[in-house]
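One-based numbering, in listed order, for ligands and for the atoms of each.
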Amino acid sequence: MFKKILVANRGEIALRVICACKELDIRTVAIYSEADRHSLHARFADEAICIGPPQLAQSYLNIPCVISAAEIANVDAIHPGYGLLAENANFAEVCEACHIKFIGPPPEVTRLMGEKEKARAAMKKAGVPILPGSEGVIAAEGEAMEWARQVGFPVIIKASAGGGGRGMRIVRNEEELPGLFKAASSEAAASFGNGDLYLEKYVERPRHIEFQVLGDAYGSVVSLGERECSIQRRHQKLLEESPSTQMTPESRAQIGEVLCKTLSGIGYVNAGTVEFLMDEDGRLHFIEMNTRIQVEHPVTEMVTDVDLVKSQILLAAGERMKTVLQGPIVHRGHAIECRINAEHPEKFTPSAGKITAFHPPGGTGVRIDTAAYAEGVIPPYYDSLIAKLIVRGRDRNEAVSRMSRALEMFIVEGVYTSIPLHRKILADPDFRAGRINTNFIERFLNTSKKESAT
Ligand code: MV4
């Protein structure tokens, strides 16, 4: 087993990884920027190394700095958390070259899933349902028109190197296509250094449903069921839950089975998330795969009792799936997570500064993952996520009422937060009835604006 792990991240996820290491009796090394000198991840790690100035490119994203810290501290492995270097195949290769275990899938698998049209082809070949669309990247605008006619409008043009919603264009008819194709291509080239595009049939009002998987180094892959993540705003998830009201034990088992077979064939190791869109007829269509631990992983932990971060570490160390899981995967109850962001309630701009008061809720079935504390400072350089509030109930109704009361009892002063917005979502009749899709927040914000104007 590893003796010492470097945590190449900050904030709540760095703390989450430190928690897992402590329970496994593994020493931890934190890295921190000058803006994070007083952060809890630096405080709770066994060692902490300052790696540079606040800017991400000069600290947490600076591969030579991260690797130097790992060499100096003499660690066996690096856990990248989410974001930052987590899906950087080059970083994983550098770790390997330095004989440091990267806690994640092999670099070639990360690279495959990072090229979205290749991931699509690999899934299709193995029998995972995908949307009708282009085969491989589109060479020219004329080819895009051919595929669009074949698939039928509306279609969506996506960047091969994209994901998370950047560089996408919805095309409703033939007239729009040339302009939108050019725009998507130059946006992709500018933001990813790669202008490659592919095309899919556009799904109206989809739900976003994703499957959590774990793989060991010996070809065993398991599914831990789904998370429903349709409550998003501008591609930032606000609330996630498990199970989805739209899945049954049968449909969950069926999709889980094809995923495990497919990912085992690909050589998938460690934690991963397979994203689907569910159309209005309830059919699932693969869109992309994330090769990291995700922000919303606690939702799955709450309903399965599997510690996903401990599992990641054990699997990376070469443990077998059956040793890691210690029994069958059982789904119990319902979990909901609210991502509490430090942001302005109307403008949605980040709200940095000192937290003057902080009282997180507690009680039965309540979990908080956070690195925030009273008198702590939220630096302006990073993500606006300050806390994740997760609850579990015996069923969805109990989880919803538990979340509502927990949000009522959550005090954060000194910075603006999304807590008031989350309270409103939890009170919404459509949300309570499970009538949600990816357009929910837009509709919700429009109607609440109209109401407050009258
Ligand atoms: C789509 C889609 C409709 N049809 N693909 C946005 C993020 C990226 N991961 C994929 N996205 C979408 N892909 C097809 N063929 C609609 C979206 C989409 C979306 C997806 C999930 C959650 C929120 C979303 C918000 C807007 C658009």
message: Any heavy atom of Lys158 closer to ligand 1 than 4.0 angstrom?
response: yes

- line: Interatomic distance, OH@Tyr198 vs CD1@Ile138, rounded to 0.5 Å, equals 10.0 Å

query: So which heavy atom in the protein is nearest atom 21 (C) of ligand 1, and how far is it from that ligand atom?
result: His208 ND1, 3.4 Å

field: Stacked cation flag Arg396 on Phe431, 6.0 angstrom / 45 deg
entry: yes

- request: Please say whether Val203 places an N or O atom under 3.5 Å from an N or O atom belonging to ligand 1.
  value: yes

- request: Give the atoms of ligand 1, by number and element, whose distance to some non-hydrogen atom of Ile287 is under 4.0 Å.
  value: 10 (C)

- prompt: With atoms numbered from 1 as shown, which atoms in ligand 1 lie under 4.0 angstrom from a non-hydrogen atom of Leu131?
  reply: 15 (N)

query: What atoms of ligand 1 come closer than 4.0 angstrom to any heavy atom of Ile156?
result: 1 (C), 5 (N), 14 (C), 15 (N)

query: So which heavy atom in the protein is nearest atom 23 (C) of ligand 1, and how far is it from that ligand atom?
result: Thr438 CG2, 3.3 Å

message: Is there a polar contact between ligand 1 and Gln232, counting only N or O atoms under 3.5 Å apart?
response: no

- prompt: Should the pair Tyr60 and His41 be assigned to parallel (<30°), tilted (30 to 60°) or perpendicular (>60°) ring geometry?
  reply: tilted

task: Ignoring hydrogens and angles, tell me if any N or O in the side chain of His422 forms a donor-acceptor pair with the backbone of Leu238 under 3.5 Å.
output: yes

- prompt: Can a non-hydrogen atom of Glu275 be found less than 4.0 Å from any atom of ligand 1?
  reply: yes

query: At the 4.0 Å heavy-atom cut-off, does Met168 count as touching ligand 1?
result: yes

task: May I ask you to list the atoms of ligand 1 that are less than 4.0 angstrom from any heavy atom of Glu288?
output: 8 (C), 9 (N)

task: May I ask you to list the atoms of ligand 1 that are less than 4.0 angstrom from any heavy atom of Lys201?
output: 4 (N), 14 (C), 15 (N)

field: Minimum-distance protein heavy atom relative to atom 7 (C) of ligand 1
entry: Gly165 N, 3.5 Å

message: Any heavy-atom pair between the side chains of Asp369 and Leu15 that's under 4.5 Å?
response: no

query: Can a cation-pi geometry be assigned to Arg120 and Phe286, taking NZ or CZ under 6.0 Å from the six-membered ring centre and within 45° of the ring axis?
result: no

statement: To the nearest 0.5 Å, atom CD1 of Ile293 lies from atom OG1 of Thr300 at 8.5 Å

message: Tell me if a side-chain donor or acceptor on Glu343 pairs with a main-chain N or O of Ser384 at a distance below 3.5 Å.
response: no

task: Could you check atom 2 (C) of ligand 1 against the protein and tell me its nearest heavy-atom contact, residue, atom and distance included?
output: Leu277 CD1, 3.5 Å

Lys388, Arg16, Lys310 screened by salt bridge (charged side-chain N to carboxylate O under 4.0 Å, His left out) with Glu301, the one that passes: Arg16

- prompt: Under 3.5 Å, N or O to N or O, is His235 touching ligand 1 that way?
  reply: no

Check: Tyr202 N/O within less than 3.5 Å of ligand 1 N/O: no

query: Under the 3.5 angstrom rule, does the side chain of Glu187 hit a backbone N or O of Ala183 as a donor-acceptor pair?
result: no

